[in-house]
Amino acid sequence: MGIAGRFWTYVQPLPQTTGPDDYRSIDKSLWKRDEIDAKFHMFIDDPGYKPNKLQNTLGQAWDTFRLPPKQRNYMQKLDANILLYALLSFFIKTLDNSNISNAFVSGMREDLNLYGNERNLFTTFFNCGYIVGSIPAQVILNRVRPSIWIPTCEFIWSGLVMAISGCKTPEPIYGIRFMIGFFESVAYPGLAMVLGSWYRPSELAKRMQTYDAAWAIASMFSGYIQAGVYTSMNGLAGYAGWQWLFVIDGIIGIPIALLGYYCIPDFPINSHVRWMNDTQKEYSYVRMELIGRKAPQRLTFKRFFKMFTTWRPYGFLWPWCLFNICDTTSYFNLWLDWLTNPDGSSKYSTQQVNLIPTGGYAISLVTGYLSANISDRIGLRWPFIVNAIFWVFFGNLLLAIWNIPDGLKMFAFFCPDIGYALWGMMLAWSAEAFQDDAEMRGMLPAVGSTISYAVNAWLPNIIFPYTDAPQYKDSYGYQVTTGLIFVEFLGVLFMLYMTKREARKRGRVINKYGLAVDVEDAVLVGTLDDDDNLSSKEASLPDRQEFEKGPIVLTGVDPVEHEVEDTIVAHKKE
């Protein structure tokens, strides 16, 4: 493989292999259990291993603590690199996206004479850049390695953030904000696709939710960072506090971008990272192939457009976009600011108006983590998505009624934060439901963001006009969102029905991880008993006509984990 192939092309058929005995170059029909056990013995623990009480207790919070030592070391290595970088990247992305609002109220408005519609235009130009960049960024990601493209985009947008500090008029900021949105558009869906390519169902939701939690953490701390910078650096070297905010945020982003070149492992089929040896890279590929997660393939125009001739994009985008469009958390502080005491004075101070809604971020962190942890344990995603939608629906329904006690109304404003878990759950669900198409897993969040940003550019102005705050009685704001959220719930049911229907029509089986895979792949990678062979196993399976009656459930051995049975049994799902 040449230099260009090594550093720029990740698509098949160019996996990184070390020789003819590398499992990434061996047809799965030739895989043998005893050979795999021997090859990856350094990852296989004693079947009798039992975690101690402390490990069991800590394992309730994070699964790696109760894993056998060899598995634990491997998983901790993944978390310390892939997950940690994803968290840092999303944190700085959110910080760089939201700092314009903090700077605006911290002297930027007065210094640049921004007394017109400039603040809204800063957001509009950013959104336009995000819309324009989302889909092309994912197409480029199919040609340029994630370990190259994502950090490079982060490096560029960090430099652009610092450039805002030198602007003397709003016009150049419009262009800079557009470019920041363009380059930021690759980060969220791109890293979600990478995470979905390295973790199994019992591991994935917690990682996705932890990744998504960076938004809440950054949103909570952005105001504190601005306050600290303004207090300690305002006037330093002739720069105002708001200017230093952009400089500091950009400086924070640059080392995180550089870290990405080291941490991002691309995909198990072709990873070049230095923090894994060749055997670990091979093992990563095998463990994902065993659950049916397919490696990336070349994305052509024909294949791109063919994606949208199936139900899959619409099943995902239906609830995903509506959840984004129906976000009403930003109207909380307007209601708090509107409340008055009997003597006509404001009920809450300006500081309280800004701080009280931040409690919702803490709620979202807790509920999101709990949902993800339980979801990983039971192996289901859709019930937790429905639960999240319920709380958003309930909160908006109470606000649509409006004539309720203020305490209940405050609870209603916090309800959408309870439903924050939907983001991570949807990403985990799509990674598993569409695990045979890596490009679709990366493309759909990008398309969803494009649609959501486009709709949010005009819809809030109609149903939530500022002049109608905080009840929005004449514009029926909360009534509209309540209805849309119910439609969102129908979208989840549609995706659930279609995933089951697709598995049935394609004659797929449900493996022991709860994932639908082709029967041939399930037989080949399920590993056979020492006394079995492929032909006898195939002969014991129901014929193809039987699959039309419903998916088959396979349970059996995973050659690189000890906690399952020693045989493979094919039977109808009860």
Side-chain angles (χ1 to χ4, degrees), residues 1-28 30-47 49 62-65 67-88 145-151 191 193-200 202-204 207 258-291 293-296 438 525 527 558-563:
M1 185 183 298
I3 296 295
R6 178 177 175 83
F7 291 102
W8 295 97
T9 306
Y10 79 82
V11 293
Q12 294 188 27
L14 292 174
Q16 180 208 11
T17 57
T18 57
D21 59 341
D22 190 322
Y23 271 81
R24 288 167 291 182
S25 64
I26 300 174
D27 191 295
K28 288 198 294 290
L30 302 177
W31 288 12
K32 290 182 173 57
R33 175 184 172 183
D34 56 346
E35 293 179 358
I36 292 177
D37 286 347
K39 176 82 173 183
F40 303 111
H41 66 90
M42 69 288 298
F43 301 111
I44 303 174
D45 293 89
D46 179 6
Y49 170 81
W62 198 257
D63 50 21
T64 55
F65 288 106
L67 290 176
K70 298 174 184 177
Q71 282 288 316
R72 186 191 315 137
N73 293 338
Y74 172 82
M75 290 300 302
Q76 288 174 340
K77 182 172 285 192
L78 294 186
D79 289 344
N81 289 277
I82 308 174
L83 183 59
L84 178 61
Y85 172 75
L87 271 170
L88 293 173
R145 288 179 171 277
S147 58
I148 299 293
W149 179 231
I150 294 176
L191 287 172
M193 180 172 66
V194 172
L195 284 168
S197 299
W198 287 86
Y199 290 102
R200 287 180 162 183
S202 61
E203 309 154 355
L204 184 57
R207 272 76 181 180
L258 295 175
L259 185 65
Y261 292 113
Y262 174 81
C263 288
I264 300 178
D266 297 320
F267 301 94
I269 187 68
N270 67 342
S271 180
H272 292 89
V273 290
R274 299 191 177 191
W275 48 268
M276 281 197 294
N277 58 39
D278 290 336
T279 305
Q280 290 171 327
K281 295 171 187 176
E282 248 185 287
Y283 169 73
S284 300
Y285 171 73
V286 170
R287 76 188 293 266
M288 297 313 294
E289 285 293 320
L290 288 170
I291 68 171
R293 190 90 23 101
K294 300 297 184 184
V525 303
T527 70
D558 180 341
V560 292
E561 291 184 355
H562 65 78
E563 59 264 349

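Worth saying up front: this structure is predicted, and the values here are computed from it rather than measured. Residue indices begin at 1 and follow the sequence shown.
- Annotation: the span from Trp62 atom CH2 to Glu203 atom CD amounts to 10.0 Å, rounded to 0.5 Å.
- Annotation: side-chain hydrogen bond (donor to acceptor under 3.5 Å, both in side chains) contacts of Thr64 (sequence neighbours excluded): none.
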Evaluate Ile150 against Tyr85 for side-chain contact (heavy atoms from CB on, under 4.5 Å), listing each step before the verdict. CA-CA 11 Å; Ile150 294 176; Tyr85 172 75; 4.1 Å; yes
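- In this structure a side-chain-to-backbone donor-acceptor pair under 3.5 Å is present from Arg200 to Arg287.
- Counting heavy atoms from C-beta on, the side chains of Tyr283 and Lys39 never come closer than 4.5 Å.
- A search for ring-ring contact (aromatic ring centres under 6.0 Å, His included) contacts involving Phe65 returns nothing, not counting sequence neighbours.
- With sequence neighbours excluded, the residues forming a side-chain contact (heavy atoms from CB on, under 4.5 Å) with Ile26 are Tyr23, Leu30, Trp31, listed by chain and number.
- Between the Arg72 side chain and the Leu67 main chain, a donor and an acceptor come within less than 3.5 Å of each other.
- Residues Ile264 and Leu191 are in side-chain contact: their nearest non-hydrogen atoms beyond the backbone lie under 4.5 Å apart.
- Taking each heavy atom of Pro268 and Met288 in turn, the nearest pair found is CG-CG, 4.1 Å.
- One distance of note links CD1 of Ile291 with CG of Leu204; it measures 8.5 Å at 0.5 Å rounding.
- Inter-residue side-chain proximity for Asn270 and Tyr285 is flagged as unmet; no heavy-atom pair is nearer than 4.5 Å.
- Residues passing the side-chain hydrogen bond (donor to acceptor under 3.5 Å, both in side chains) test with Tyr262, sequence neighbours excluded: none.
- Arg207 meets the salt bridge (Lys or Arg N to Asp or Glu O under 4.0 Å) test with Asp63, Asp79; sequence neighbours excluded.
- In this structure the side chain of Phe40 reaches within 4.5 angstrom of the side chain of Glu282, judged on heavy atoms.
- In this structure the side chain of Pro265 reaches within 4.5 angstrom of the side chain of Ile82, judged on heavy atoms.
- Summarising the geometry, atom CH2 belonging to Trp198 is positioned 11.0 Å from atom CE belonging to Met75; distances are rounded to the nearest 0.5 Å.
- Counting all heavy atoms, side chain and backbone alike, Leu83 lies closest to Tyr199 at CB-OH, 4.1 Å.
- Here the straight-line distance linking atom CG of Asn81 with atom CE of Met276 works out to 8.5 Å at 0.5 Å rounding.
- The two atoms that bring Arg293 and Gly196 nearest to each other are NH1-O, 2.5 Å, heavy atoms only.
- Considering every non-hydrogen atom in both Pro151 and Pro146, the closest pair reads CD-O, 3.2 Å.
- Listed here is the closest heavy atom pair of Leu88 and Leu259: CD1-CD2, 4.0 Å.
- At least one side-chain heavy atom of Pro296 sits under 4.5 Å from a side-chain heavy atom of Ile269.
- For Ser202, there are no side-chain contact (heavy atoms from CB on, under 4.5 Å) partners at least two apart in sequence or on another chain.
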Q: Start with the C-alpha gap between Phe267 and Met193, add the side-chain angles, then the distance that decides, and say whether side-chain contact (heavy atoms from CB on, under 4.5 Å) holds.
A: CA-CA 9 Å; Phe267 301 94; Met193 180 172 66; 3.8 Å; yes
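- Going from atom OG1 of Thr279 over to atom CG of Asp22 covers 9.0 Å, rounded to the nearest 0.5 Å.
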